[in-house]
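Any value given below was found using the heavy atoms of this structure, including those in side chains, with hydrogens, waters and symmetry copies removed. Numbers here simply count residues along the sequence, with the first being 1.
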Amino acid sequence: MARQWILTGQEGFETSLEYQTGLTIPSKKDLAPNELLVKMHAASLNYRELVIAGPMGINGPITPPMVPGCDGAGTVEATGSSVNDFKPGDRVLTHPTPRAVEAHGDDAHASIADAVNALGQGDDGTLRSWAVFREAGLVRAPKTLDWIPAATLPCTWLTAWNALFGLTGKQAGPGSWVLVQGTGGVSIAALQLAVAVGANVVATTSTEEKGERLKKLGAIHVVNYRSNAEKWGEEARSCTPDGRGFDFVVDIGGNETLPHSLAAIRVGAVILIVGHVGDTAETVPLFAAMMHSCIVRGILAGTRNQFRELVRFIDERGVVPVIDDVIFELAEAKDAYRRLKEKRHFAKVVLRIEHKV
């Protein structure tokens, strides 16, 4: 039998997240021509899951019931009649925006309209033991990763890959200086990717304990944004050669952190806006980018072809995504949501999906 979580509304996950068991597993005859049946083995959570669960915010509405989650890994069990790229037994990962791929191709970047239709909001997502996905919503999983670290890749690691390597002529490499903020999923993924290509990484955090963990992952300096709340961007900049500033700043806080990101960059640098986990703050005018002679680039995950590039890179370099210290089972999804909301995690909050005989 199958299990899953659904959102019955957007009143917050404590109220709207409902666990269902004893469900019938779909069969091959239930599949549309472009669909696949996937036996799920692991999933992971993103900040967007909290936002989608509500109360309704920037992500917009859902049509309940909706299976949440866009990050997952599993095995293909059956394929529809027109599926060409996958066969039963293939190890696969979910791609967050299959409708964008179907409409615009494997090199298309998602718009906000596409994001609203992504897995876990417009289409049923990954917090279930058996799932039916469109062919455009899958890529092959890395050969070198187990299920749980592989399940962190679809949104978080794809976002980090796009941030560092997605803009032609502005890609991180040996000698680049990269600033990452905090110890959440995208920041840790960007740190690991930057270190893997020989870049210099400075990280911010609020505790000495997390700072030591960041150094063990390859950060050459750590700045405590809590003890220097007013000028941590300037402090981070001072860590770069001659205080010139960073080539890349991966900004996860939005309006709260953008002034610090602007203070940290060098001329011609790129600020990657990848999230809005910060508290409410005064809106930063876009005109500020001119005053700092920089590029400000908003990112919503990445393309399907970028995802394939990321998978190849991980297999070639032997990179293993860092996961949180606590691993939850699918039935414990509400506990996983709580850990994410309370910011008690390090890197990615993950869920193991067991299949009992």
About how many Å separate OG1 of Thr63 and CG of Leu7, when rounded to the nearest 0.5 Å? 12.0 Å
To the nearest 0.5 angstrom, please state how far the OG1 atom of Thr24 sits from the CG atom of Asp30. 9.0 Å
Main-chain N/O of Pro65 paired to Thr8 side chain as donor or acceptor, under 3.5 Å: no
Given Tyr19, Phe328, Tyr337, the one that forms ring-ring contact (aromatic ring centres under 6.0 Å, His included) with Trp5: Tyr19
When you look at CE of Met1, are more than 12 heavy atoms from neighbouring residues, nucleotides or ligands closer to it than 6.0 Å? yes
Determine, using the 4.5 Å side-chain heavy-atom cutoff (strictly less than), whether Phe248 and Val202 are members of one ILVMFWY cluster. no
Phe307 and Trp157: aromatic ring centres closer than 6.0 Å? no
State whether Glu332 and Lys334 are salt-bridged, where the test is any N-O pair (Lys NZ or Arg NE/NH1/NH2 against Asp/Glu carboxylate O) under 4.0 Å. no
In Å and rounded to the nearest 0.5 Å, what is the OG1 to CG distance from Thr303 to Asp106? 7.5 Å
Has Glu14 got more than 12 heavy atoms of other residues, nucleotides or ligands less than 6.0 Å from its CD? yes
When you compare the side chains of Glu135 and Asn34, does any donor N or O come within less than 3.5 Å of an acceptor on the partner? no
Tell me which pairs pass side chain to side chain donor-acceptor pair (under 3.5 Å) where either residue lies in residues 318-328, with sequence neighbours left out. Arg213-Asp325, Asp324-Arg339
So, does Lys170 use its side chain to make a donor-acceptor pair with the main chain of Gly268 at under 3.5 Å? yes
Please determine whether a side-chain nitrogen of the Lys or Arg among Glu35 and Arg134 lies less than 4.0 Å from a carboxylate oxygen of the Asp or Glu. no
Verify same cluster id: Leu351, Trp147 (apolar side-chain graph, 4.5 Å): no
Answer with yes or no whether the side chains of Asn200 and Ser176 bring together a donor and an acceptor at under 3.5 Å. no
Examine distances only and state if a side-chain atom of Arg317 and a backbone atom of Ala196 form a donor-acceptor pair shorter than 3.5 Å. yes
Going by an N to O cut-off under 4.0 Å, is there a salt bridge joining Arg99 and Asp114? no
How about Glu230: does its CD atom have over 12 heavy atoms from other parts shown lying under 6.0 Å from it? no
I'd like to know if the side chain of Thr204 and the backbone of Gly182 have a donor-acceptor N/O pair within less than 3.5 Å. yes
Pick from Leu145, Asp71, Leu158: which one makes a side-chain contact (heavy atoms from CB on, under 4.5 Å) with Leu153? Leu145
NZ (Lys28) with more than 12 external heavy atoms under 6.0 Å: yes
Residues Arg312 and Asp315 bridged, charged N to O under 4.0 Å: no
Does anything in residues 73-86 pair up under side chain to side chain donor-acceptor pair (under 3.5 Å), and if so which pairs, sequence neighbours excluded? His41-Thr75
Within the side chain of Ser187, is there an N or O that forms a donor-acceptor pair under 3.5 Å with the backbone of Gly184? no
Can you tell me how far apart OG (Ser44) and CG (Leu340) are? Round to the nearest 0.5 Å. 10.0 Å
Where does the angle between the aromatic ring planes of Phe165 and Phe313 fall among parallel (under 30°), tilted (30 to 60°) and perpendicular (over 60°)? tilted
Could you check if a side-chain atom of His355 sits within less than 4.5 angstrom of a side-chain atom of Lys39, using non-hydrogen atoms only? yes
Ring of Trp177, cation from Arg237 - is the NZ or CZ under 6.0 Å from the centre and inside 45° of the axis? no
Assess the side chains of Ser16 and Glu11: does a donor N or O sit below 3.5 Å from an acceptor N or O? yes
Please tell me whether Asn162 and Thr159 have a donor and an acceptor in their side chains that are separated by less than 3.5 angstrom. no
Counting distance only, does the side-chain N/O of Glu329 pair as donor-acceptor with the main-chain N or O of Ala331 below 3.5 Å? yes
Check whether more than 12 heavy atoms from other residues, nucleotides or ligands sit under 6.0 Å from atom CG of Asp146, and answer yes or no. no
Quick check: does any side chain N or O of Asp90 sit under 3.5 Å from a backbone N or O of Val92, one acting as donor and the other as acceptor? no
Just wondering, are more than 12 heavy atoms of other shown residues or ligands nearer than 6.0 Å to CD in Glu342? yes
Any chance you could lay out the side-chain hydrogen bond (donor to acceptor under 3.5 Å, both in side chains) test for Ser261 and Gln181, step after step, and finish with the verdict? CA-CA 9 Å; Ser261 296; Gln181 300 171 356; 2.8 Å; yes
Gln10 side-chain N/O to Ile52 backbone N/O, donor-acceptor pair under 3.5 Å: yes
Nearest 0.5 Å, what's the CG-CD1 distance between Leu193 and Ile314? 7.0 Å
To the nearest 0.5 Å, tell me how far Leu330 CG sits from Arg3 CZ. 4.5 Å
Checking the side chain of Gln192 only, and the main-chain atoms of Val320 only, is there a donor and an acceptor separated by less than 3.5 Å? yes
